[in-house]
Structure formats: structure tokens, C-alpha cells
There are 4 protein chains.
Amino acid sequence: MLIQLDFESKEPIYLQLIHQIIEGIAKGQLKPGEDLPSVRSLASDIGVNLHTVNKSYQQLKQEGFILIHRQKGVVVNPEGVPSATTAYIKQLSHKLRPLISESICREMDEQAFLNVCSDLYKEFMTERQGN
Amino acid sequence: MLIQLDFESKEPIYLQLIHQIIEGIAKGQLKPGEDLPSVRSLASDIGVNLHTVNKSYQQLKQEGFILIHRQKGVVVNPEGVPSATTAYIKQLSHKLRPLISESICREMDEQAFLNVCSDLYKEFMTERQGN
Amino acid sequence: MLIQLDFESKEPIYLQLIHQIIEGIAKGQLKPGEDLPSVRSLASDIGVNLHTVNKSYQQLKQEGFILIHRQKGVVVNPEGVPSATTAYIKQLSHKLRPLISESICREMDEQAFLNVCSDLYKEFMTERQGN
Amino acid sequence: MLIQLDFESKEPIYLQLIHQIIEGIAKGQLKPGEDLPSVRSLASDIGVNLHTVNKSYQQLKQEGFILIHRQKGVVVNPEGVPSATTAYIKQLSHKLRPLISESICREMDEQAFLNVCSDLYKEFMTERQGN
DNA sequence: GTGGTCTAGACCACC
DNA sequence: GTGGTCTAGACCACA
């Protein structure tokens, strides 16, 4: 899987990395049980500090996306990612809130906003088919 | 308008403040041309430093939400906020991306996600009616 | 003469006022010896504080654009504005410096920059003919 | 690159700093991709507070002159500064207006004014050759 | 009284 | 080490 980082972005690198891996799982490019590169090799591949990759992996593990075995290395959670809970929905809603209020101010109507979301969903799901 | 900050949150105060004000505009609690409190009075009201409030105001001004007026002080942009451009849509899409990919991993389907968005939209729009 | 102020500008009002009056003289709308409104009447006409107008007038007097007589009121300097000195040229050059360096960075060549200046000159001079 | 500030000047330090850096880019003393000192080191070098330097850097970033890079620190925009747009020309013209009207009042003719601009252009461009 | 600027010193997140 | 955020307190220009 290709990892694309933007070092000029305001978004921290460890977060970008997390998002990319989650995106890979969403698209089916990374399947449950599949191996991920070791901290060391990934770090050198994408040219970032070991600590940065480690921080990403720890957080992904924490949220149930991956498992870290001392010997087997890192794998995508073979049981799949924990499903959305009401707590997750609440947190999601909290993150959507500022995006939606700004969009309303900028005169995007509900349908236009939903279309943007829908397009993204479709982008991920069609890639998923191919994998 | 009531401002509610969470000083424990990881989200910087100046950003929370920006979001609250944008939300106020979205809900119609703050109308175009309406006065906002001065940097100093708002700062003392919500118990933060005046520089923090100033930073929020500067950024809101920068994005066209408010005007900083020599005589009248700070006002909501009377011409309304600049409408969504394709650049805005792109940036919005970029912010939605990780939310959607995580939701897919957690087995939320498109409809469930759109419902969350839709609920938020309706929350803002119904408040808007009352104002 | 019409005075147009922008209260949302970052440029202080007293400076805008100074510039407008100088522009009026440059265009020949205000001729040497001509009366200017009193501080009071101008202030009420354009809706600003007395002190603001006074500050502008004092500075214009200081630089030789106008004379302030206790009784006759305010008049455009009947002897004309003092001509450009080398000190003036130096100060002018100092103000042009950042405009030119930014233009170079933005890949405007010398001719393009001179054209902008030339257009402004012509704008002022043609208005002058009509007056 | 040598930075020269005038602490007595009415012009704010952060603006002087911005102008100096833009001038450095115009002269080719600072090349696209080149590193700029960190906020802290520059601040201590020129003897001002780090917030002052930070304000300058933020504004330069905002206008596309520099990038603030997570790893490399601060660099001159390697893609070059965004070219002049019509908006830029308009704003430039707005800033030139008072300079030109005052010069007309002081009986500088168009050619004399253009010569001042031209001299500055040549000063920047010849320094550019050497870099 | 307003916002604009500057200083000084602190903590944190990131790399 | 870096930049990002926040506080506290000060002075000034402006209206």
C-alpha cells in the first residue's frame, strides 16, 4: 500500500499515518490478519522518525485497528475493527459539527453536503470491490 | 449568545471559540451586521486571555465571517459569509475523508453516516427558524 | 469634493482623510486658495469624530498642503504645495521599496510595474484637465 | 542574510521583518527551498521576542512566501511565490495611489516618479544577478 | 474605550 | 530541538 504524507500540512505526521492506514483498511487494501511493516522498516520507507511510526501504531492498536505481537509483528486486527458504538457516533457527530456549521454559513444546503459525503463513500466502496 | 468552552479538551481554546461563533452564525443567533463583544470584554466574560480571543477574531476576519470595524468594533460580516467555493469543497472533503474511512471500518454504512449529518443539519436549521 | 472613507480598512481614518484631500489637490478639484470645510462641518458631514478631522488637518498643515487661519478658516495653500525635495524622494523611495520587492517576487517585471504607476498618473492628470 | 531593523521606526517590527525577508527573496539572497532560521534563533539573533518573529512568519506563510515544514523547519517556498493576480495589482495600485497623488502635488512629473521606481527595480535586479 | 503591537515566560505536542 | 498555544501585563494609536 502506498503511503502519502504531506510534511507541510498542519496535520501531525503520526495522525496522517493513522488516517492512511485506516483508509487502507476501509478500501480493503489491508485485509484483516494481513501483516503491516515493522516500525523500523516503515519508518525508513517513508522517511520519518521511529517514534512517529510507533506512536501511530500504538494509537491504532489502542483503537482496535491492529494488533502488535512481540514476535509475529504487526497485523491488521483479524477479527475486524470494533463496530461503531454510540460513543463513536457521538464523537463523530462532535467532529462533524464544525464542518456542518461552516458549510451552512457558506450556503451549502443539506443535499450538497450529503453529496460530498456520498461521493467519498462511493470512492472507498468501489476500491473495496477490487480488493 | 452563550459561549461554552471546554478547558479540558485537547482542542485549542481559540479554535473552540471560532467554532462556537461560526455555529452561532449558522444557527442565526448571530445575524449579519450584529455586534460581537470586544476582545477584552469577551475575554473577561469567558475567562481567557485577550490574546486568545484576538487570535480567534483575527482568523474569523481572515475567513470572511466577521469584520473588524474601526468605530463599531467587531461585527458579523453584513454581506454574509463568502459562499462555498470549489476550494472549500475540496478542503471539506479532505477533512471528511478520515471520518468516513474510519466509519467504514467500523461498519457504518453510507445511510447511517448520512443520517448523522442530516440530523446535525436539521438541528442547525430548526434553530435558525426561531431566530 | 466627495470624500469616501472605508471604515473597515486597516488604514486609519485620519490617514484616509489626508490621502483623499491630497488626491483632491492633485486632481485639481481643490485649487490653491480654495476654502475647505471647517473641522466641525466636515466631521459631521462624513460622520467621524472632531478629533479625527483635526488630526488630519494638523498634519496637512504641517506638510504645507493647507493653511489654518483662526478667522478665515481652512484653505488650500495658496502658494502651492512645497516641491519635492531630496528628502521627499528618499522617503518616497523608502515607501516604494516593499511594494517593488514584493512585485518582483510575484514575477511582475519592471515594465508592468511602471505601467501601473503610469496609469495612475494619467488618471490624476486627465481629471486635472477638467478642473 | 543580514536583517536590519529600526527599532525607532513607527513601522511595526514584524512588518519590517516581513519586508526584509521579501526583499531578500526579491534579491535572490534567499532562494526557493532555502532554510530560514527557526523562530527562536532568529528572535534571539535580532533581539526581539519570538512571538514577533512568529507573527512575521505566519503572515509570510499565509501569503505564500514561505512554508512551515514539520521536519525541515521554515523554508522559502520551493515553488516560488504565487504570481501577481489582478487582485494583487489592484491592491498594489491602491497603495501607490497616495504616493502618486502626493508626488503630483509636489510637482514631480510622471517621468521623475517612474525613474525612482526604475532605480529600485534595477537595484534589486542587479543584486539578483550576483546570487 | 477600542484594537494593534510587543515583551516575557510557560507548557505542550511533535519529531 | 521545533512550532503551537496560552497567560499576564504593558504601551500606543485611534476614535
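Predicted, not measured: the structure shown is a model, and the values here were computed from it. Both backbone and side-chain heavy atoms feed into the values below; hydrogens, waters and symmetry mates do not. Per chain, numbering begins at 1; letters A, B, ... match sequence-line order.
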Taking NE2 in B:His69 as the centre, count heavy atoms belonging to other residues, nucleotides or ligands within less than 6.0 Å. Is the count above 12?
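Result for NE2/B:His69: enclosed.
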So with a 6.0 Å cut-off around NZ of D:Lys31, is the heavy-atom count from everything else above 12?
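Above 12, so yes.
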Enumerate the residues from residues 30-37 of chain D whose closest heavy atom to DNA chain E is under 4.0 Å, giving them by residue number; use none for an empty result.
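By residue number: none to list.
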Quick one: [X] [atom1] to [N] [atom2], roughly how many Å, whole number?
{"X": "D:Glu8", "N": "F:dC11", "atom1": "CD", "atom2": "P", "answer": "17 Å"}
{"X": "D:Leu15", "N": "E:dT5", "atom1": "CG", "atom2": "P", "answer": "7 Å"}
{"X": "D:Asn54", "N": "E:dC6", "atom1": "CG", "atom2": "P", "answer": "13 Å"}
{"X": "C:Glu11", "N": "E:dG3", "atom1": "CD", "atom2": "P", "answer": "20 Å"}
{"X": "D:Leu42", "N": "F:dG1", "atom1": "CG", "atom2": "P", "answer": "17 Å"}
{"X": "B:Leu50", "N": "E:dC6", "atom1": "CG", "atom2": "P", "answer": "15 Å"}
{"X": "D:Leu67", "N": "F:dT2", "atom1": "CG", "atom2": "C1'", "answer": "16 Å"}
{"X": "B:Asp6", "N": "F:dT5", "atom1": "CG", "atom2": "C1'", "answer": "16 Å"}

For [N] and [X] - does any side-chain N or O of the residue sit under 4.0 Å from the phosphate oxygens OP1/OP2?
{"X": "B:Gln58", "N": "E:dG4", "answer": "yes"}
{"X": "C:Asn49", "N": "F:dC14", "answer": "no"}
{"X": "D:Tyr14", "N": "E:dC6", "answer": "no"}

Is D:Val48 touching bases, backbone alone, or none of the nucleic acid, heavy atoms closer than 4.0 Å?
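It contacts sugar-phosphate atoms only.
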Would you kindly compare C:Thr52 and A:Lys10 by the position of their nearest DNA chain F nucleotide and give the one closer to the 5′ end?
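Final value for this comparison: A:Lys10.
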Starting at the 5' end of DNA chain F and moving along, which residue's nearest nucleotide shows up first, D:Val39 or C:His51?
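With D:Val39 and C:His51 compared, the 5'-side residue is D:Val39.
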With a 3.5 Å cut-off and no angle check, do the side chains of A:Glu102 and B:His19 form a donor-acceptor pair?
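Note: A:Glu102 and B:His19 side chains miss the donor-acceptor criterion.
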Tell which nucleotide pairs with E:dG1, taking only Watson-Crick or G-U wobble pairs whose two distances are both under 3.5 angstrom.
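WC or wobble partner is F:dC14.
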Side chains of [X] and [Y] in contact at under 4.5 Å (non-hydrogen atoms):
{"X": "D:Asn49", "Y": "D:Ile13", "answer": "no"}
{"X": "D:Pro32", "Y": "D:Glu79", "answer": "no"}
{"X": "B:Ile46", "Y": "B:Leu17", "answer": "yes"}
{"X": "D:Gln16", "Y": "D:Asp6", "answer": "yes"}
{"X": "B:Ile21", "Y": "B:Phe65", "answer": "no"}

Check: D:Arg40 side chain, F:dG1 base, donor-acceptor under 3.5 Å
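Counting by modelled atom types and ignoring angles, no donor-acceptor contact under 3.5 Å is found here.
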Measure from the side-chain heavy atoms of C:Lys55 and tell me the nearest of E:dC6, F:dT5, F:dC14.
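The answer is F:dC14.
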Report the residue (B:Ile68 or D:Ile13) whose heavy-atom-nearest nucleotide on DNA chain E is the more 5′ of the two.
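Per heavy-atom nearest nucleotide, the more 5' residue is B:Ile68.
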